[in-house]
S.K.: 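Please see the structure below; I have some questions.
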Amino acid sequence: MASGILKNENELDLMRESGRLLASVFTYLDQHIKVGISTMDINDRVEDFITNTLNARPASKGQYDFPFVLNTSINDVVCHGIPSMTQLLKSGDIINVDITLEKNGFITDSSKMYMVGDVSPLAQRLVDKTYEAMWQGIRAVKPGATLGDIGYAIKKFASSQGYSVVREYCGHGIGQEMHEEPKVLHYGKPNSGIVLQEGMTFTIEPMINQGEAKVKTKRDGWTVVTRDKKLSAQWEHTIAVTADGYEVLTLRDEERV
């Protein structure tokens with residue numbers, strides 16, 4: 001099992017800058033995600049903002065032949081939703097927007113859930129508890145802990161709330177490549193798997209389902225949905241392991257306390 005590429009302080013500084021810029025993309029997006037916008041409009045606005053305002057590169061575009069700059073996953077879409085001109089957000093939707101950004105050769109990756117219009121209490125609860133599940137995983141990060149500790153913390157919390165954890169997709173190492181080692185599972189056993197070391201950088205991005213964990217991929221080859229058509233939510237941050245714990249490289253302003 002590969003532990004991934006350890007980043008030195010100079011490389012971490014470059015990733016911090018990439019993460020800061022990516023956080024600003026969500027701040028920009030906050031004012032645009034509302035009833036009636038198309039998911040392609042979200043894509044096009046973000047591409048313009050990253051390219052022309054931030055002078056950076058949307059790292060997802062062209063990766064694995066993906067033609068867009070982000071994923072828009074609505075309601076029962078677990079991940080990898082494809083932007084569309086005809087898909088308009090409506091009141092009651094929950095949507096995950098998953099964005100990557102490369103600046104000065106280093107990539108960060110983050111996603112945020114948006115509640116559109118009047119969202120049901122059950123949908124709101126899923127979104128809130130998924131956010132907390134991500135943070136349960138993040139708080140487990142420190143040198144000497146294991147990847148199993150992260151997955152265990154996420155799965156234990158999600159299960160305690162009556163939800164299931166998608167197993168087919170996971171977090172990943174990140175840096176000069178979008179997907180580096182190691183794989184970061186969102187379930188696991190304490191004290192198992194790779195031991196975390198200072199300088200490791202990876203994403204934590206649990207996908208939590210309202211119903212069963214089973215998923216399927218639609219005929220477009222990208223869009224992953226829940227088999228039981230119940231809701232799914234996801235949040236994601238890029239994390240660095242520090243000397244005494246963790247640093248969230250993609251932390252947004254509204255998350256700072």
S.K.: Does any part of the side chain of L29, heavy atoms only, come nearer than 4.5 Å to the side chain of I42, both counted from C-beta?
M.R.: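 Contact flag for I42/L29 side chains = yes.
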S.K.: Is there a side-chain contact between I99 and V69 (heavy atoms, below 4.5 Å)?
M.R.: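 Side chain of I99 against side chain of V69, heavy atoms only: no contact under 4.5 Å found.
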S.K.: Under a 4.5 Å cut-off applied to non-hydrogen side-chain atoms, are M113 and Y131 in contact?
M.R.: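 No - every pair of side-chain heavy atoms lies 4.5 Å or more apart.
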S.K.: Are T223 and D220 close enough that a side-chain donor and a side-chain acceptor fall under 3.5 Å?
M.R.: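 Yes, because at least one side-chain N or O of T223 sits under 3.5 Å from a partner of the opposite role on D220.
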S.K.: Please list, chain by chain and in numerical order, all residues satisfying side-chain hydrogen bond (donor to acceptor under 3.5 Å, both in side chains) with D149, sequence neighbours excluded.
M.R.: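 D149: side-chain hydrogen bond (donor to acceptor under 3.5 Å, both in side chains) contacts with T146.
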S.K.: Testing the basics here: between L249 and M15, what is the closest heavy-atom pair and its distance to 0.1 Å?
M.R.: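 Minimum heavy-atom separation between L249 and M15: CD1-CB, 4.0 Å.
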S.K.: Just to verify, what does F26 make a ring pair (Phe, Tyr, Trp, His ring centres under 6.0 Å) with, not counting sequence neighbours?
M.R.: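 Checked F26 against ring pair (Phe, Tyr, Trp, His ring centres under 6.0 Å); zero matches.
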S.K.: Can you check whether I204 reaches I150 side chain to side chain, under 4.5 Å on heavy atoms?
M.R.: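 A side-chain contact under 4.5 Å exists here.
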S.K.: I'd like to know if the side chain of R20 reaches the main chain of L251, judged simply by a donor and an acceptor atom lying under 3.5 Å from each other, with no hydrogens or angles considered.
M.R.: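 No: the side chain of R20 does not pair with the backbone of L251.
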S.K.: Connecting only ILVMFWY residues whose side-chain heavy atoms lie within less than 4.5 Å of each other, what is the rest of F157's hydrophobic cluster?
M.R.: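 Other cluster members: none.
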S.K.: Which residues satisfy the ring pair (Phe, Tyr, Trp, His ring centres under 6.0 Å) test with H179, sequence neighbours excluded?
M.R.: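 Expected list: Y64, H172.
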S.K.: Applying the side chain to side chain contact (heavy atoms under 4.5 Å, CB included) test to L70, which of N43, V25, T39 qualifies?
M.R.: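 Option passing the side chain to side chain contact (heavy atoms under 4.5 Å, CB included) with L70: N43.
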S.K.: Donor-acceptor check, side chain of D44 to backbone of D41, threshold 3.5 angstrom: yes or no?
M.R.: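 Here the side-chain-to-backbone pair does not exist.
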S.K.: Could you check whether any side-chain N or O of E102 sits under 3.5 Å from a backbone N or O of G105, counting only pairs where one atom can act as donor and the other as acceptor?
M.R.: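 Yes, because the side chain of E102 sits within donor-acceptor range (under 3.5 Å) of the backbone of G105.
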S.K.: Classify the side-chain pair Y114/N96 by whether it contains a donor and acceptor separated by less than 3.5 Å.
M.R.: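 Y114 vs N96: no donor-acceptor pair found between side chains.
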S.K.: Just by distance, do the side chain of T53 and the backbone of I50 share a donor-acceptor pair under 3.5 Å?
M.R.: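 Checked: no pair found.
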S.K.: Mind checking side-chain hydrogen bond (donor to acceptor under 3.5 Å, both in side chains) for D13 and listing every partner two or more places apart, or none if nothing turns up?
M.R.: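 Per chain and number, D13 pairs via side-chain hydrogen bond (donor to acceptor under 3.5 Å, both in side chains) with R16.
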S.K.: Taking only residues two or more places apart in sequence, or in another chain, which ones meet D48 in a side-chain hydrogen bond (donor to acceptor under 3.5 Å, both in side chains)?
M.R.: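 By the side-chain hydrogen bond (donor to acceptor under 3.5 Å, both in side chains) rule, D48 matches N52.
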S.K.: List in chain and number order the residues that pass salt bridge (Lys or Arg N to Asp or Glu O under 4.0 Å) with D98, two or more places apart in sequence or in another chain; answer none if no residue qualifies.
M.R.: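 With sequence neighbours excluded, D98 shows a salt bridge (Lys or Arg N to Asp or Glu O under 4.0 Å) to no residue whatsoever.
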S.K.: Check which hydrophobic residues are tied to I5 through side-chain heavy-atom contacts below 4.5 Å, counting indirect links as well, and list them.
M.R.: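 Direct or chained contacts put I5 with none.
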S.K.: Can a side-chain donor-acceptor contact be found between S160 and K156 if the only test is distance below 3.5 angstrom?
M.R.: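 No, no side-chain donor-acceptor pair sits under 3.5 Å.
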S.K.: What pair of heavy atoms forms the shortest contact from H32 to I37, and how long is it?
M.R.: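 Heavy atoms of H32 and I37 come nearest at O-CD1, 3.3 Å.
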S.K.: Can you name the one residue among T130, N75, D76, N209 that meets side-chain hydrogen bond (donor to acceptor under 3.5 Å, both in side chains) with S232?
M.R.: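 Single pass found, and it is N209.
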S.K.: If you take all heavy atoms of Q176 and E180, which pair is closest and at what distance?
M.R.: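 Closest approach of Q176 to E180, heavy atoms only: N-OE2, 3.2 Å.
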S.K.: Give a yes or no on whether a salt bridge exists between K61 and E47, defined as a side-chain N under 4.0 angstrom from a carboxylate O.
M.R.: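 A salt bridge links K61 with E47.
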S.K.: So, D228 side chain and K230 main chain: donor-acceptor pair closer than 3.5 Å or not?
M.R.: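 It does hold such a pair.
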S.K.: Please list, chain by chain and in numerical order, all residues satisfying salt bridge (Lys or Arg N to Asp or Glu O under 4.0 Å) with R252, sequence neighbours excluded.
M.R.: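 Per chain and number, R252 pairs via salt bridge (Lys or Arg N to Asp or Glu O under 4.0 Å) with E254, E255.
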S.K.: Quick one: does Q31's side chain have a donor or acceptor within less than 3.5 Å of a partner on Y28's backbone?
M.R.: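 Confirmed, Q31 side chain pairs with Y28 backbone.
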S.K.: Is it true that atom NZ of K112 has more than 12 heavy atoms of other residues, nucleotides or ligands lying nearer than 6.0 Å?
M.R.: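 Enclosed.
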S.K.: Where is the tightest heavy-atom contact between A56 and K103, given as atom of each residue plus distance?
M.R.: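 Nearest pair, atom of A56 first, then K103: CB-CD, 4.0 Å.
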S.K.: For the OG1 atom of T226 and the CE atom of M207, what is their distance to the nearest 0.5 Å?
M.R.: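 Taking OG1 in T226 and CE in M207, the distance rounds to 13.5 Å.
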S.K.: Is it true that N71 and S73 share a donor-acceptor pair across their side chains at a distance under 3.5 Å?
M.R.: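 No, because no side-chain N or O of S73 sits under 3.5 Å from a partner of the opposite role on N71.
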S.K.: Run the side-chain hydrogen bond (donor to acceptor under 3.5 Å, both in side chains) test against S18 and tell me which residues pass, sequence neighbours left out.
M.R.: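 S18 satisfies side-chain hydrogen bond (donor to acceptor under 3.5 Å, both in side chains) with T108 only.
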S.K.: Are R227 and V215 packed together at the side-chain level, in the sense that at least one heavy-atom pair is separated by less than 4.5 angstrom?
M.R.: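 No, too far: nothing below the 4.5 Å cut-off.
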S.K.: Which atom pair, heavy atoms only, marks the closest approach of I154 to P206?
M.R.: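 The pair with the smallest heavy-atom distance is CG2-CB, 3.8 Å.
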S.K.: Verify whether the ring centers belonging to Y169 and H80 lie closer than 6.0 Å.
M.R.: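 Ring-ring flag for Y169/H80: true, centres closer than 6.0 Å.
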S.K.: With the threshold set at 4.0 Å, does a side-chain nitrogen-carboxylate oxygen contact exist between R139 and E132?
M.R.: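 Salt bridge flag = yes for E132 with R139.
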S.K.: Quick check: do L147 and P182 have side-chain heavy atoms less than 4.5 Å from each other?
M.R.: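 Counting from C-beta outward, L147 and P182 do come under 4.5 Å.
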S.K.: What do the steps show when you test E168 against K216 for salt bridge (Lys or Arg N to Asp or Glu O under 4.0 Å), and what is the final call?
M.R.: CA-CA 10 Å; E168 286 85 346; K216 63 180 180 180; over 6 Å; no
S.K.: What do the steps show when you test T217 against W222 for side chain to side chain contact (heavy atoms under 4.5 Å, CB included), and what is the final call?
M.R.: CA-CA 7 Å; T217 303; W222 286 105; over 6 Å; no
S.K.: Without swapping roles, check the side chain of E236 against the backbone of E205 for a donor-acceptor pair under 3.5 Å.
M.R.: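 Not at all, since once roles are kept as given, no pair shorter than 3.5 Å links the two residues.
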S.K.: Report yes if the side chains of Q234 and H186 come closer than 4.5 Å at any heavy-atom pair, otherwise no.
M.R.: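 Q234 does not reach H186 side chain to side chain.
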S.K.: Looking at every non-hydrogen atom in both residues, tell me the closest pair between Q136 and A153 and how far apart they are.
M.R.: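 Taking Q136 first and A153 second, the nearest heavy atoms are O-CB, 3.5 Å.
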S.K.: In chain order, what residues pass the side-chain contact (heavy atoms from CB on, under 4.5 Å) check against L88, with sequence neighbours excluded?
M.R.: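 Result, side-chain contact (heavy atoms from CB on, under 4.5 Å) vs L88: S38.
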S.K.: With a 4.5 Å cut-off on side-chain heavy atoms, are L6 and M200 touching?
M.R.: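 Of all side-chain heavy-atom pairs linking L6 with M200, at least one is under 4.5 Å.
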S.K.: If you count heavy atoms of other groups shown closer than 6.0 angstrom to OH of Y163, is the number above 12?
M.R.: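 Yes, because the 6.0 Å sphere around OH of Y163 holds more than 12 heavy atoms from other groups.
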S.K.: With a 4.0 Å cut-off on N to O distance, would you call R256 and D253 a salt bridge?
M.R.: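 The answer is yes: the pair qualifies as a salt bridge.
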S.K.: Output yes when a side-chain donor or acceptor of Q87 lies under 3.5 Å from a complementary backbone atom of S84, and no otherwise.
M.R.: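 Between the backbone of S84 and the side chain of Q87 there is no qualifying donor-acceptor contact (under 3.5 Å).
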S.K.: May I ask you to decide if G211's main-chain N or O and S164's side chain share a donor-acceptor pair within less than 3.5 Å?
M.R.: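 It does hold such a pair.
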S.K.: Which residue pairs pass the ring pair (Phe, Tyr, Trp, His ring centres under 6.0 Å) test when at least one of the two sits in residues 82-113, sequence neighbours left out?
M.R.: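 Pairs touching residues 82-113 that pass the test: none.
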